[in-house]
Each structure stands twice: as structure tokens, then as C-alpha cells.
Amino acid sequence: MTVRAVLGIRRWRHNPVCRATDRHEAWVALTALLLMLLAAPALGWKVGALTDDALRRTVRTQHEQRHPTAAVVVRAASGTSRFAQDPEAAVAEGSMRTSVVADWLAPDGTARTGTVSTGSTETAPGTRVQIWTDDRGRPAMRPMDMSTARTHTVLAGIGAALIAGGLTEIARRLVVWRMMQRRYTRLDRAWAEVGPDWGRTGTGS
């Protein structure tokens, strides 16, 4: 409907039977098309760029504040089960997470014991597993990597462009609907003025 209305602009400009509302509808359609082809992608690119900057800062901060640490498994945690505590890490590691009680050293050398999660398939007592801790030695989630950040950036940009395009089309439909309502109102008013004399001999002479 939008493309057909746009193609009709040039043909309708000098058409004596073309209504003004037809031309207005075509211009609305052309404006909406340009917004969807130009503004929506530009908005998507802008949102993607802003998201990329924010995620890059997040990645740098997480890698500065989180540290890989070797921990020694003491025992399985009470009611342990395999779960995805950190979905992104689980996808990156290709495995689910297991909760265990382990010993490890904080960055300042302090001995720590606590419940942590690991993607290792070997969790018998005495097994060394890798965990992530913050600057104080507390268990932390695995930091986001750049590939995951890029994926989120692309999805954010595409999502913003699609939403902008969809909102533009919704706005176009609302404007056209409003124009149609006004057209019908004018037709009803004109019919109310002419209708009573319709079919009478000599009417309009």
C-alpha cells in the first residue's frame, strides 16, 4: 500500500479527478517510506554505537575487577545441582554450572572458603577448578567477553531499527485513518446538504 501510494504521486499531481486527500495520503506514505529507509537504519546504527561504547566499558571494567582463581573442591554443596547461574558464561563454556564448596586464595593472599559454581565436569574433593573472584576475593560471575558484547550490540541496533520502522508504519496508518475519517465527515456533510433535493426535477438548475 505504501509503495503503491508513493508511485502514484507523480501520476496524481496533474490528474483532474484526483482528490487532495489522495495526494496528501501519497505524501504521507512517501515520508514514512523515507523514514523507514533512512531514519530507522540511522537510529539503529546510533543505538548500536552507544550500546557498543557502553558494553566495551563494561567489559574493560569487569576484566579489571574480576580475576581467574584456582580453587580446590572440598565437597559438593548441599542440595547441589547443575544449573546455569550465568547464562552467558554457560553458553561460552558450552556447559552448565555446578555448585560446590571450595577453598581459594583472595588477591591479597587471604584464605577463603565458600560455595562457588564451576563449569568443570570434575568436581570430586581435591579437584582444582577455576573460579572468578572480585578484588576482595568474593566469588563473581565470569566477565563478559568482546564477542558477547558485539552480539548484544548488533541485536540492539537491529532491534532499534525494527522498532523505529514499526512505529513509523503505525504512525502512517493512524494519519491515513484520520484523513479517511475527515473525508467521510465531509462527504456526510455534503450529502446532508444535497441529499434532500436528490432526484427532484430542476434541482441545481
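It should be emphasised that the depicted structure is a prediction, and the values quoted were computed from it without experimental measurement. All heavy atoms count here, side chains included; hydrogens, waters and symmetry mates do not.
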Which value, rounded to the nearest 0.5 Å, describes the distance between [X] atom [atom1] and [Y] atom [atom2]?
{"X": "R66", "Y": "M144", "atom1": "CZ", "atom2": "CE", "value": "9.0 Å"}
{"X": "D145", "Y": "T148", "atom1": "CG", "atom2": "OG1", "value": "3.5 Å"}
{"X": "H152", "Y": "S147", "atom1": "NE2", "atom2": "OG", "value": "9.5 Å"}
{"X": "R150", "Y": "D52", "atom1": "CZ", "atom2": "CG", "value": "9.0 Å"}
{"X": "L174", "Y": "M179", "atom1": "CG", "atom2": "CE", "value": "13.0 Å"}
{"X": "D108", "Y": "R136", "atom1": "CG", "atom2": "CZ", "value": "11.0 Å"}

Quick one: does any side-chain atom of T58 pair with a main-chain N or O of A54 as donor and acceptor, under 3.5 Å? yes

Shortest non-hydrogen contact from [X] toward [Y]:
{"X": "I131", "Y": "S117", "result": "CG2-O, 4.2 Å"}
{"X": "V47", "Y": "A156", "result": "CG1-O, 3.9 Å"}
{"X": "L43", "Y": "A164", "result": "CD2-CB, 3.7 Å"}
{"X": "A160", "Y": "G44", "result": "CB-CA, 4.1 Å"}
{"X": "G165", "Y": "A40", "result": "N-CB, 4.0 Å"}
{"X": "A32", "Y": "R172", "result": "CB-CD, 3.8 Å"}

Between [X] and [Y], is there shared hydrophobic-cluster membership here, with clusters defined by ILVMFWY side-chain heavy atoms closer than 4.5 Å?
{"X": "V72", "Y": "W104", "result": "no"}
{"X": "W27", "Y": "L34", "result": "yes"}
{"X": "L162", "Y": "L38", "result": "no"}

Check ion pair R57-D53 (N to O, under 4.0 angstrom): no

Do E169 and R173 sit within salt-bridge range, that is, some charged N less than 4.0 Å from a carboxylate O? yes

Got W132 and P143 here, is their nearest side-chain heavy-atom distance under 4.5 Å? yes

Test item: T110 and L105 side chains (from C-beta on) under 4.5 Å apart, heavy atoms: no

Qualifying residue for side-chain contact (heavy atoms from CB on, under 4.5 Å) with T153, from L50, L55, I158: L55

Test side-chain contact (heavy atoms from CB on, under 4.5 Å) on V101 and V73 and set out the steps. CA-CA 6 Å; V101 176; V73 177; over 6 Å; no

Crowding at CD, Q130 (>12 non-hydrogen neighbours, <6.0 Å): yes

Might you work through the side-chain contact (heavy atoms from CB on, under 4.5 Å) test for R112 and R138, ending with a clear yes or no? CA-CA 8 Å; R112 297 293 182 89; R138 295 173 299 189; 4.1 Å; yes

Taking atom types as modelled, find out whether T98 and T123 have a side-chain donor-acceptor pair closer than 3.5 angstrom. no

Polar contact flag, side-chain donor to acceptor under 3.5 angstrom, H67-D135: yes

Determine, step by step, whether E122 and T127 satisfy the side-chain contact (heavy atoms from CB on, under 4.5 Å) criterion, reporting the C-alpha distance in whole Å, the side-chain angles of both residues, the deciding distance to 0.1 Å, and the verdict. CA-CA 7 Å; E122 297 293 334; T127 303; 4.0 Å; yes

Would D103 and V74 satisfy side-chain contact (heavy atoms from CB on, under 4.5 Å), going step by step from the backbone distance to the final call? CA-CA 7 Å; D103 295 330; V74 176; 3.4 Å; yes

